[in-house]
Amino acid sequence: MTKENGSGGPAGRASLNDIIGIESIKLGFFKEVQKTINELKASNSELERKRRDVQDILNGIPDVVAVVSPDYLVLSVNSAFSETYGDRDPIGLPCYQVFKGGRRPCSPCPLVMAREEGRKVCRQLQIMNVDGENRQIECSAALMPGTGDTPGKVLLLHRDVTVEKQYQAKYFQAERMATVGVLAEGVAHEINNPLTSISGFAEALSGHLGRLEACLKDDESCGDLLGTFEEYLDIVLQECRRCSEIVQNLLSFGHRDVRAMAIVNINNIILNCLKLLHPRLSALPSGIIRLSLSEEEPCVMGHPGELMQVALNLILNALYEVRDIGTIDISTRVAGSMVLLRVSDTGGGIAPENIDKLFEPFFTTKPAGQGIGIGLSTCYNIIMKHGGEITASSEPGEGAVFEVILPLLEE
């Protein structure tokens, strides 16, 4: 005889009510789980949408943006990275290797400066090689909040400010030249007046030399006095003329009105530059400058001040290379419808990998503090504006040659 439990079912077996109760509990549990899963899915979808929005915002920034870990590893970048540095994967690589090809952190490093100095944002200007060109990059490091004792990540932003710096350099150059022009004009007014007086009195004294000779002809003790007077007056008049030429050269160099185009003799430009450099050249061995100027007048239509700036820059660069143990050859000639200016030196020469970079803004082979790399780029822009060309050639250890070609002024 089979035993039954209190519910009327066989012993050891669950009744229908028991089974229905368990299923009801299970169904309620599954409903709660399903609800939670749906909420998580909705939350994940919202988080993914926000993540995409943030990534879209970062990708919309034209500057390179990277998230860097405290140990310098790149965690993520925006789309501007591939547009700037090409299709290479920087994730997991050190930032100094990715951006500068280095083996150790940059010095100074904006990330370290931001952390050590406790600043939220640290900005620093660096020169980086992008597609084989030296570019001025403003690096901004922004600290991101960490959790607990864990240091936060760093948001690194690279902004190319090369063009901006070029315009700043041109602006400062224009301002400097304008200041030189104002000073030169003031010098001209202040010096020309006493020079005129000195020159006038010297010429007046020269006119009285005949009377002086008549007065001294009977006095044998003063026989050499007349020769001394003549010599001294000649020197005074000569130096007055030289001072006047120097003032005029300063006025020409400082005059920056780009509309003031005129007929320019390149021979005169070279001679005027050498006059301006006379104090410096006088301290060097004689014969360091060797001239070979064209007998046919090499005249062009151009801006005297700007062309003088080109010549001065080329000569000063050559002087820097030869120091006081070499020579500089400066020549001009007319070839067909072109005027050629050639400046060559016997210095150390230029490395082959640097030849194509010489006319790039901010590229310089000089030590820090002795050049910022805008001289030759300015010369390049001036010559291009005059419809000409400027080239450089060199062999290491055998000096360098710079050639300027300008259109000859047709009569």
Residues E297, N267; criterion side-chain contact (heavy atoms from CB on, under 4.5 Å); working and verdict: CA-CA 7 Å; E297 291 189 349; N267 285 351; 5.9 Å; no
What do the steps show when you test L156 against V67 for side-chain contact (heavy atoms from CB on, under 4.5 Å), and what is the final call? CA-CA 6 Å; L156 190 63; V67 178; over 6 Å; no
Within this structure, what is the CG-CG distance for the pair D345 and L314, rounded to the nearest 0.5 Å? 10.5 Å
Worked verdict on R159 versus S140 for side-chain contact (heavy atoms from CB on, under 4.5 Å): CA-CA 8 Å; R159 180 168 174 256; S140 299; over 6 Å; no
Donor-acceptor under 3.5 Å (S394 side chain, G399 main chain): yes
Is any side-chain heavy atom of I405 less than 4.5 Å from a side-chain heavy atom of V339? no
With side-chain contact (heavy atoms from CB on, under 4.5 Å) as the test, would you mind laying out the steps for F99 and C106 before giving the verdict? CA-CA 10 Å; F99 295 112; C106 305; over 6 Å; no
Scanning both residues in full, the closest heavy-atom pair of M301 with H386 reads O-CD2, 3.9 Å
Which atoms form the tightest heavy-atom contact between F81 and R88, and what is the distance? CE2-O, 3.5 Å
Measure from the side-chain N and O atoms of S344 to the backbone N and O of V401, and report whether any donor-acceptor pair falls under 3.5 Å. no
What are the two closest heavy atoms between P304 and G302, and how far apart are they? CD-O, 3.5 Å
Is the shortest heavy-atom distance from the side chain of T327 to the side chain of V322 under 4.5 Å? no
With no hydrogens and no angle check, is any side-chain donor or acceptor of N317 less than 3.5 Å from a backbone partner on L312? no
Can you give me the closest heavy-atom contact between I383 and E389, atom names plus distance? CG2-N, 3.4 Å
CG on N268 to CD1 on I263, rounded to 0.5 Å: 12.0 Å
V68 side chain near L75 side chain, heavy-atom distance below 4.5 Å: no
Just verifying a value: how many Å separate I382 CD1 and M384 CE, rounded to the nearest 0.5 Å? 11.0 Å
Short side-chain to backbone donor-acceptor contact, S69 and L73, under 3.5 Å: yes
If you look at every heavy atom in C95 and V74, which pair is closest and at what distance? CA-CG2, 3.9 Å
Quick one: pull up CG in L237 and OH in Y232 and give me the separation to the nearest 0.5 Å. 15.0 Å
Lys/Arg-Asp/Glu bridge criterion (N-O < 4.0 Å) met for R333, E296: no
Please check if the side chain of N313 supplies one atom and the backbone of Q309 the other of a donor-acceptor pair under 3.5 Å. no
Pairwise side-chain contact, L406 with V404, heavy-atom cut-off 4.5 Å (strictly under): yes
Could you grab the distance from atom CG of L341 to atom CG of L293, nearest 0.5 Å is fine? 9.5 Å
Validation row: H303, L307 side chains within 4.5 angstrom (heavy atoms): no
Give, for atom CD1 of I266 and atom CG of L408, the distance between the pair rounded to the nearest 0.5 Å. 10.0 Å
Could you report the tightest heavy-atom contact between H158 and Y85, atom names first, then the distance? ND1-OH, 3.7 Å
Result block: side-chain N/O donor-acceptor pairs under 3.5 angstrom for residues 282-292, not counting sequence neighbours:
residue : atom : partner : partner atom : Å
S282    : OG   : H278    : O            : 3.2
S282    : OG   : P279    : O            : 2.7
R290    : NE   : D329    : OD1          : 2.8
R290    : NH2  : D329    : OD1          : 3.3
R290    : NH2  : D329    : OD2          : 2.9

